[in-house]
Amino acid sequence: MAAGRTRGGRWVASLLLVVLAAACTAATSDGTADDDPVPETDGEEVAMLRDVAPEGLLVGSAVAGGGHHRDQSYPDPFTADDAYRDRLAAEFSSLTPENQLKWEFLRPSPDEFVFGPADAIVDFAEQHGQAVRGHALLWHNQNPDWLEQADLGADELRGLLRDHIATVVGRYAGRIHQWDVANEIFDDRGELRLEDNLWLRELGPDVVADAFRWAHEADPGAELFLNDYNAESINVKSSAYLDLIRELLADGVPVHGFGVQGHLGIQWGFPGDVEANLRRFDGLGIATAVTELDVRMVLGEGGEPTDEQLARQADDHRRLLEACLAVDGCRSFTVWGFPDRYSWVPHFFPEEGAATILWDDLAAKPAYEALHDTLSAARAKTGGP
Ligand code: XIL
């Protein structure tokens, strides 16, 4: 870890604080250091996000690989970047494969399943005492061309989805504890994506309930989620989810959670009513989660964020975490990768970037410190493991 780095403000001071905190939290009851691979700085352990989280809250990250990473000059982050792997192991208690469980990645051809990279992530998570979120089974994006262009009848297409879900969820039964079964099925107007979602277009809206039933058959212990962006607030999109989930539950469909992705941008201001929105889903008796948090910003010439932008980014992180902490069923809080050089943002949103919580040398940005402070305060109130 790049201890002593001062960019972004208070890293040295915060390092001293977390070293003090580590004295209270990093030892087990018999006084020995726990098994977490916590980086050492001058021989002293540093308390990471997972160490300061209150009991029952998983703090996660996406695991970089596949998707946009394939077009970059750097090698596969998860297998080739040791500092990245060490940090992933030390900092987080939950991992989400960023692309390695998507159709495009898993199914390059109709008869092939490429499980190696996802297997490696699940093994890594088990070695480091981490949970895994599976992402995603039914989505309108990142489907292989052969699938999008296949001229199949409804029965065959349905069979393909059923077989995919049975195979993938079944393979990781008992090891992947949460699945995003249906991802981004509504648009921002709260309409089902009946055109651009292959499954909904060809098989009709009832395929959503079927996907949940098939996933449940394959792993009755897994928590099954719907998940979307721009659904943090009370708005037409989140309300459409609320109505759908209410109907699914009334029909006995095994739906267990709703994930708000949390792809935010400081230029839009913080979304309103996040806590109240999460409470609406809590009221249905299902879990909630923040699944893909990053906070992007428009970068000026030179591509460096200003201190003011970083402060606003930190504030958004703090507020989203506080909303999750305030709601009983919100027990999983995941950032969408780190550091900035591995982020998907610059590749999808021109001129924008700096969206993650760590600098490229893995030093903490103010947003990291905001999460650390907020978790520590919550733990002090409610207790840790
Ligand atoms: C993104 C990945 O981060 C990129 O690597 C990939 O090229 C495209 O997808 N919502 C989701 C995620 O549910 O799967 C997306 O991840 C970001 C938006």
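Since we're looking at a predicted model, the values are computed, not measured. Starting from 1, each residue takes its place in the sequence as its number. Read the numbers this way: they start at 1 and go in the same order the structure lists the ligands and their atoms.
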Discussion item. Between D119 and R171, does any NZ, NE, NH1 or NH2 come within less than 4.0 Å of an OD or OE carboxylate oxygen?
Written reply: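 Answer for the salt bridge query: yes.
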
Heavy atom under 4.0 Å from ligand 1: found in [X]'s side chain, backbone, both, or neither?
X: F348; answer: side chain
X: N141; answer: neither
X: D180; answer: neither

Looking at [atom], what's its closest protein heavy atom, distance included?
atom: atom 6 (C) of ligand 1; value: N99 OD1, 3.3 Å
atom: atom 7 (O) of ligand 1; value: H68 N, 2.8 Å
atom: atom 2 (C) of ligand 1; value: E98 OE2, 3.3 Å
atom: atom 11 (C) of ligand 1; value: E292 OE1, 3.0 Å

Discussion item. Would N183 count as a polar contact of ligand 1, with the cut-off being nitrogen or oxygen pairs under 3.5 Å?
Written reply: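 Yes, there is a polar N/O contact under 3.5 Å.
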
Worksheet item: Would one find an N or O of W139, backbone or side chain, under 3.5 Å from an N or O of ligand 1?
Response: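 Between W139 and ligand 1 (N or O atoms, distance only) the closest approach is not under 3.5 Å.
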
Item to complete: Mark the output for H347 as yes if a heavy-atom distance to ligand 1 is under 4.0 Å, and as no if none is.
Response: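 Checking ligand 1 against H347, which is what was asked, there is no heavy-atom contact under 4.0 Å.
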
Fill in: Sub-6.0 Å ring centroid separation between Y342 and Y74
yes

Worksheet item: Can you list the atoms of ligand 1 that are under 4.0 Å from a heavy atom of E184?
Response: 10 (N), 11 (C), 13 (O), 18 (C)

Discussion item. I want to confirm something. Looking only at heavy atoms, which of K102, Q72, Q261 is nearest to atom 1 (C) of ligand 1?
Written reply: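 That would be K102.
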
Fill in: Proximal candidate to atom 9 (O) of ligand 1 [heavy atom criterion; set H135, Q142, E104]
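Looking at heavy atoms only, the winner is Q142.
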
Practice prompt. Check the pair L224 / H256 against side chain to side chain contact (heavy atoms under 4.5 Å, CB included), numbers first and verdict last.
Written response: CA-CA 5 Å; L224 306 179; H256 310 113; 3.7 Å; yes

Worksheet item: Hey, does the Lys NZ or Arg CZ of R85 hover above the aromatic six-ring of F124, less than 6.0 Å from the centre and inside 45° of the axis?
Response: no

Worksheet item: Would R107 count as a cation-pi partner of F113, with NZ or CZ less than 6.0 Å from the six-membered ring centre and within 45° of the ring normal?
Response: yes

Worksheet item: How are the rings of Y241 and F258 set to each other: parallel, tilted or perpendicular (split at 30° and 60°)?
Response: tilted

Practice prompt. Specify whether F115 and Y172 have parallel, tilted or perpendicular ring planes, treating 30° as the upper limit for parallel and 60° as the lower limit for perpendicular.
Written response: perpendicular

Fill in: Side chains of T356 and D340, donor plus acceptor under 3.5 Å
yes

Worksheet item: Does CD belonging to E195 count more than 12 external heavy atoms closer than 6.0 Å?
Response: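 Counting other residues, nucleotides and ligands, CD of E195 stays at 12 neighbours or fewer.
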
